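For reference, the structure discussed in these notes is given below.
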Amino acid sequence: MMPYSLKTRFIFLSFCGAMIFGACSRTKKVDVSNIPLDVKVERFDHDFDLLKTKPLTPQVAQLQKKYGVFYTDFIERILKLGSTADTSYYKNLRDVFAGQAYNDLKHDADAAYPNMDKQNTELTDAFRRIKYYFPQKELPKVYAYISGFQAQTSIGDGYFAIGLDLFLGANSRFYQSQALVEAFPLYISRRFTPDYITPRVIEGIAREDMFPEPDSNTTLLSKMIYNGKIMYFMDQTLPDFADSTKIGFTGKQTKWCHDYKGNIWRYFLEENLLYETDYQKIQKYLNEAPFTPGLGEDNDSAPKLAVWTGWQIVKQYMDKHPDVTLPQLMADNNPQKILNESKYRPKDAGE
C-alpha cells in the first residue's frame with residue numbers, strides 16, 4: 001500500500017525493440033531521449049488560489065474544464081468541502097481561503113516550489129522509461145496541489161497528483177507541530193522533501209495503477225516478491241536515484257541491511273515466516289516503522305525488511321535470467337519460482 005496516498009479511483013490501462021533489448025538495462029542505462037514524451041507538472045495549487053480573488057462560478061468552470069475529475073475529487077475527497085453538484089460548498093471554500101492556516105501553507109509551498117523544473121525533468125525521464133518498456137501504457141497527467149496534510153499523493157482517472165504540503169522539506173515548521181508529529185512521526189517526515197517526489201510518483205503509478213497487488217498474495221513470501229518487483233521496476237525507471245531514496249531508508253539503514261542480509265534471511269527461515277498468512281504477524285516486516293523489533297541491537301535495524309529482501313531476491317533472479325524482460329517479470333505471479341530460481345543464499349558482510 002502506498003503510504004499517505006489517497007486512491008480516488010482504480011484505473012486499469014493497459015518500440016517493440018524494448019522487448020528485445022530489455023536485458024541491457026541491467027548493466028547499461030537505456031537511451032530514452034528520442035521517446036516523444038514530456039512531463040509538465042500542472043500547478044493546480046496556483047489555479048485553485050485564483051478562486052480567492054475571482055468570481056467563483058466562472059473560475060470554477062475553468063478549473064473543471066482544465067482539470068476534469070480531479071477538481072471534483074479534490075473538493076469532495078481531499079478537502080471534504082461538500083458536493084460539487086451544486087454551489088453550496090462555496091461557503092466552505094471561502095472559509096478555507098479566509099483561514100490563516102491555508103495562507104501560511106500556501107506561502108511555504110510557494111517558497112519551496114517557485115517552479116517544478118527539477119521534477120519535470122526527472123518525471124520526463126522516468127515516464128519515457130515506462131514507455132520504453134510498456135509502449136502501450138497511457139500515462140497520467142501530473143498535478144500539484146495543497147492538501148491540508150490530507151494526502152501526499154492521489155491517483156484517479158487519468159491523473160496523478162502531488163500534495164506539495166507533504167514535501168516541504170524535513171525541517172518544515174509544520175512537521176514539528178505536535179498534531180503532525182502524531183500523524184507523521186519524524187522518521188516518516190524526514191522524507192517529506194523535494195527529492196522524494198519523483199520516486200513516490202513512480203511507485204504510486206506502479207502499485208496503484210499498473211501492478212496492483214493480487215488478492216491472492218497472502219503469504220509473506222508472495223508479498224515479499226511482489227514488493228521486490230515494484231522496487232525492481234523503480235530500478236529500471238529511476239536509474240539515477242539512490243537505492244536509499246527509492247525505498248526510503250537512511251544511509252545507515254541501507255548499510256545495516258547489506259551488512260546483515262544473511263542474518264535477516266536466516267531469521268525469516270528460522271521463524272517459519274515465508275509462508276505465514278497471519279497479517280498481524282507479518283505486517284511489521286512490510287510497513288513503515290523506525291526499526292524492526294526483534295532484529296539488531298539498540299533499535300538499529302532497518303524497517304520493511306521483507307520489502308528489502310524481496311528486492312534483493314528479484315534482482316538476483318533477473319541477474320540469473322538475462323532473457324527475462326521487465327514486462328515478463330511484472331506479469332509473473334509465481335513467487336516460489338522466482339525465489340527458487342534466484343538461488344538466494346545471502347551471507348553477512350565478512351562471512
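The structure presented is a predicted model; accordingly, all values stated were derived computationally and were not measured.
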Test item: Thr254 side-chain N/O and Thr250 main-chain N/O as donor-acceptor pair under 3.5 Å
yes

CZ (Phe211) and CG (Leu329) are apart, to the nearest 0.5 Å, by 9.0 Å

Between Asp49 and Arg43, does the salt bridge (charged side-chain N to carboxylate O under 4.0 Å, His left out) criterion hold? Intermediate values first, please.
CA-CA 10 Å; Asp49 193 61; Arg43 295 299 296 265; over 6 Å; no

For the residue pair Phe174 and Phe149, categorise the inter-ring angle as parallel (less than 30°), tilted (30 to 60°) or perpendicular (more than 60°).
tilted

When you measure from the side chain of Thr198 to the backbone of Glu122, do you find a donor-acceptor pair of N or O atoms at a distance under 3.5 Å?
no

Assess, by modelled atom type and distance only, whether the side chains of Gln316 and Gln312 contain a donor and an acceptor separated by less than 3.5 Å.
no

Ring centres under 6.0 angstrom apart (Tyr196, Phe167)
no

Let me confirm one number: the CZ-CD1 distance from Arg200 to Ile162, rounded to the nearest 0.5 Å.
12.0 Å

Kindly say whether Lys223 contributes a backbone atom to a donor-acceptor pair with the side chain of Asn217 at under 3.5 angstrom?
no

Test of understanding: with salt bridge (charged side-chain N to carboxylate O under 4.0 Å, His left out), list the residues that count as partners of Arg173, not counting sequence neighbours.
Asp108

When you measure from the side chain of Arg190 to the backbone N and O of Asn171, does any donor-acceptor pair fall under 3.5 Å?
no

With rounding to the nearest 0.5 angstrom, report the CD to CG distance, Gln236 to Leu326.
6.0 Å

Under a 3.5 Å cutoff, is there a donor and acceptor pairing between the side chains of Tyr285 and Tyr267?
yes

Donor-acceptor contact present, side-chain Asn227 to main-chain Trp308, <3.5 Å:
no

For the pair Phe192 and Phe184, name the ring-plane relationship: parallel under 30°, tilted 30 to 60°, perpendicular over 60°.
perpendicular

So, Tyr102 and Asp95: side-chain donor and acceptor under 3.5 Å apart, yes or no?
no

Salt bridge (charged side-chain N to carboxylate O under 4.0 Å, His left out) against Asp215, all qualifying residues, sequence neighbours excluded:
none

For the residue pair Tyr67 and Asp47, confirm or rule out a side-chain donor-acceptor distance under 3.5 Å.
yes

Do Lys315's NZ or CZ and the ring of Trp311 fall within the cation-pi criteria of under 6.0 Å and 45°?
yes

Taking the six-membered ring where the residue is Trp, are the ring centres of Tyr232 and Tyr317 under 6.0 Å apart?
no

Are the side chain of Lys131 and the backbone N or O of Lys137 linked by a donor-acceptor pair below 3.5 Å?
yes

In Å, rounded to the nearest 0.5 Å, how long is the span from CD1 of Ile264 to CH2 of Trp256?
4.5 Å

Judged by modelled atom types alone, do Ser244 and Gln253 share a side-chain donor-acceptor pair under 3.5 Å?
no

Go through the steps for Arg128 and Asp125 under the test salt bridge (charged side-chain N to carboxylate O under 4.0 Å, His left out), then give the verdict.
CA-CA 5 Å; Arg128 286 177 179 179; Asp125 185 77; over 6 Å; no

Ser33 and Asp31: side chain donor to acceptor below 3.5 Å
yes

May I ask you to decide if Phe291's main-chain N or O and Ser301's side chain share a donor-acceptor pair within less than 3.5 Å?
no

Under 6.0 Å between ring centres, would you say that holds for Phe48 and Tyr143?
no

